[in-house]
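Just the heavy atoms: all of them, side chains too, but no hydrogens, waters or symmetry mates, feed the values below. A, B, ... follow the sequence lines: proteins, then strands. Residue 1 opens every chain. Predicted model, so just to flag it, every value in this text is computed and none were measured.
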Number of protein chains: 4
Amino acid sequence: MAGSVNKVILIGNVGADPEIRRTQDGRPIANLRIATSESWKDRNSGERREKTEWHTVVVFSEPLCKVIEQYVKKGAKLYIEGALQTRKWQDQTGNDRYSTEIVLQGFNSTLTMLDGRGEGGGASRGGSDFGGAQSYDDYGSRPSSGGGSGSGASGGNRSSGSPLSRDMDDDIPF
Amino acid sequence: MAGSVNKVILIGNVGADPEIRRTQDGRPIANLRIATSESWKDRNSGERREKTEWHTVVVFSEPLCKVIEQYVKKGAKLYIEGALQTRKWQDQTGNDRYSTEIVLQGFNSTLTMLDGRGEGGGASRGGSDFGGAQSYDDYGSRPSSGGGSGSGASGGNRSSGSPLSRDMDDDIPF
Amino acid sequence: MAGSVNKVILIGNVGADPEIRRTQDGRPIANLRIATSESWKDRNSGERREKTEWHTVVVFSEPLCKVIEQYVKKGAKLYIEGALQTRKWQDQTGNDRYSTEIVLQGFNSTLTMLDGRGEGGGASRGGSDFGGAQSYDDYGSRPSSGGGSGSGASGGNRSSGSPLSRDMDDDIPF
Amino acid sequence: MAGSVNKVILIGNVGADPEIRRTQDGRPIANLRIATSESWKDRNSGERREKTEWHTVVVFSEPLCKVIEQYVKKGAKLYIEGALQTRKWQDQTGNDRYSTEIVLQGFNSTLTMLDGRGEGGGASRGGSDFGGAQSYDDYGSRPSSGGGSGSGASGGNRSSGSPLSRDMDDDIPF
DNA sequence: TTTT
DNA sequence: TTTT
């Protein structure tokens with residue numbers, strides 16, 4: 001549709017080590033279960049209560065799958081940004097069923113590790129290029145050298161790098 | 001859980017006139033179906049393709065239900081901000097089923113009308129207090145008089161209104 | 001820094017026809033002024049009050065600049081998603097000054113037109129490829145064919161298009 | 001304005017212990033400096049580069065100020081959600097100056113601690129009621145008992161608590 | 001300087 | 001079931 005937005009932002013913890021499958025043509029797909037929760041004090045009883053929500057996240061982005069494969073373990077705290085998608089499928093009795101998932105695919109998908117350890121499941125982390133929690137948009141981080149603007153004053157220049165290479169870890173994609 | 005965020009942001013069109021039910025104790029609950037869609041040019045065929053996603057939105061916030069009741073019609077374009085919630089229920093054969101909805105309830109829920117007409121279903125709009133599309137956080141809009149900060153210069157004062165009234169359409173909630 | 005997010009989401013109206021400059025090497029940079037505003041009823045006087053906030057948006061993304069050049073006019077309602085950046089410059093007396101802008105550059109930058117007409121400044125719109133308000137992430141819209149996941153049921157396939165082409169209007173970027 | 005949104009989402013680290021001032025009528029205002037940063041590999045040199053952005057955050061929300069006063073120290077990692085505001089002031093020579101800040105005030109403002117320790121400046125944490133990182137929307141967390149919707153099946157009831165109490169730590173604000 |  |  002014209003002028004529509006479909007965006008989900010979660011910060012939560014991974015419930016189990018991620019599963020990574022591959023399509024027939026070799027591209028990876030990662031599945032994550034992420035828990036968010038909120039707590040509040042019950043007005044009547046005065047007790048603190050908590051409710052946990054579980055989310056299914058499906059990652060089609062190849063660079064994000066690589067990050068997940070290497071660094072994301074059970075217990076890791078993640079920031080993720082994706083889109084809602086409801087998928088129709090048939091159960092064993094042939095009835096239509098629907099599952100809603102958060103899809104990370106292409107643009108505007110982000111996955112960022114928020115803890116420096118991948119705590120919870122044990123292991124994780126270690127790669128020398130991945131020094132702690134880090135942000136992984138597709139193709140590496142958003143470029144940042146920036147540039148100027150300004151009504152009259154200032155000049156905007158955005159110097160570093162060529163604008164049209166697209167390898168992951170590249171500097172300025174466009 | 002400590003430190004979690006569960007947020008959905010949608011801009012889309014309402015698929016049908018909203019349904020408003022009431023709980024036993026009289027509070028309203030509105031249900032909306034919202035469509036978002038995206039289009040892209042297929043790389044092989046060169047054809048433009050489009051995919052629509054349908055979202056179920058459940059509104060527990062009383063002020064937002066009032067806005068919906070009065071102004072939201074089939075076809076209206078909305079900005080909504082809520083949280084994901086998956087609800088378990090039993091189908092007629094007693095099997096567990098799950099439905100994922102976007103819940104607008106309390107804080108950090110927003111509904112904003114993005115077209116000035118409520119076009120689509122016909123009528124709508126017209127109230128003198130609601131001049132066109134408008135933003136409705138719970139209890140009216142976020143206060144805005146603001147105030148200053150500043151490292152050294154400036155003084156921050158936030159003058160208008162008492163901070164502790166809570167009627168809808170109030171000025172400064174806290 | 002590890003694990004950081006810097007995101008701005010605005011829906012507002014463009015205050016003047018956009019300015020588009022070009023860098024020495026020919027890349028476009030668009031400047032927009034966008035107004036957001038909120039209204040509330042003053043608690044004391046009972047009057048409705050309104051406060052408008054003006055935002056400076058700088059667009060480095062080439063595809064987004066093209067969209068702006070062709071379709072965005074004074075008065076247009078836009079959804080934009082970018083990042084905050086504070087730029088240092090010197091005024092005519094040599095004093096340091098700082099300007100904070102919303103930068104749209106590379107990933108996670110989005111600009112979507114929310115009105116079907118570019119109303120306000122007059123003209124606009126018309127291109128056959130741009131049928132009304134539309135979303136433009138860099139390189140065309142986010143792909144959407146999606147795919148499955150599911151713990152046991154369903155199979156995930158994401159069929160259309162080659163995953164590694166990167167022209168604007170392409171189908172599936174990664 | 002009708003139909004506008006002004007939202008900033010940051011995840012970053014606090015650069016110094018927060019300053020808390022008070023207005024003449026006793027309400028607190030907290031100032032935070034938050035750093036976000038992104039890194040990328042320079043396309044020419046192949047070096048990893050990093051750019052840090054500093055943000056000024058001004059908190060008018062009283063419950064959020066309390067949280068900041070008690071738990072937020074230099075080095076803490078925070079999620080914050082607020083609105084952009086540009087404030088005009090005069091420097092010592094009488095020239096107009098502008099500062100853009102992220103304001104947390106009333107609805108749709110959130111501050112969540114993302115590390116369980118307030119690492120960096122030392123101390124922090126300890127209160128028995130604040131067991132680790134936690135989310136603080138105004139007046140306690142968003143209620144979560146939720147309820148149902150559903151086209152035909154299921155019944156939605158949202159039972160707990162009265163909808164109109166407004167103390168912090170309350171359960172269901174509206 | 002926008003919009004309602 | 002919406003919208004362009």
Separation of [X] atom [atom1] from [N] atom [atom2], in whole Å?
{"X": "B:Glu53", "N": "F:dT3", "atom1": "CD", "atom2": "P", "result": "18 Å"}
{"X": "B:Lys74", "N": "F:dT2", "atom1": "NZ", "atom2": "C1'", "result": "8 Å"}
{"X": "B:Ile34", "N": "F:dT4", "atom1": "CD1", "atom2": "C1'", "result": "17 Å"}
{"X": "C:Asp17", "N": "E:dT2", "atom1": "CG", "atom2": "P", "result": "11 Å"}
{"X": "C:Lys51", "N": "E:dT4", "atom1": "NZ", "atom2": "C1'", "result": "17 Å"}
{"X": "B:Lys77", "N": "F:dT3", "atom1": "NZ", "atom2": "P", "result": "10 Å"}
{"X": "C:Tyr71", "N": "F:dT4", "atom1": "OH", "atom2": "C1'", "result": "13 Å"}
{"X": "D:Asn6", "N": "E:dT3", "atom1": "CG", "atom2": "P", "result": "18 Å"}

[X], nearest nucleotide to its side chain (from [options]):
{"X": "B:Asn13", "options": "E:dT1, F:dT3, E:dT3", "value": "F:dT3"}
{"X": "C:Ala16", "options": "F:dT4, E:dT3, E:dT1", "value": "E:dT1"}
{"X": "B:Ala35", "options": "F:dT2, E:dT4, E:dT1", "value": "F:dT2"}

Check for me: is C:Trp54 stacked on E:dT1 by the 5.5 Å centroid and 30° plane-angle rule? yes
Ignoring hydrogens, what is the shortest heavy-atom contact between A:Trp89 and A:Tyr98? Give both atom names and the distance. NE1-C, 3.9 Å
Between C:Glu53 and C:Lys51, is there a side-chain N and carboxylate O pair less than 4.0 Å apart? yes
Output all residues satisfying side-chain contact (heavy atoms from CB on, under 4.5 Å) with D:Asn95, sequence neighbours left out; order by chain, then residue number. D:Asp91, D:Thr93
For B:Pro28, what residues pass the side-chain contact (heavy atoms from CB on, under 4.5 Å) criterion, not counting sequence neighbours? B:Ile20, B:Arg22, B:Glu62, B:Cys65
Taking atom types as they are modelled, is there a donor-acceptor pair under 3.5 Å from the base of E:dT1 to the side chain of C:Thr52? no
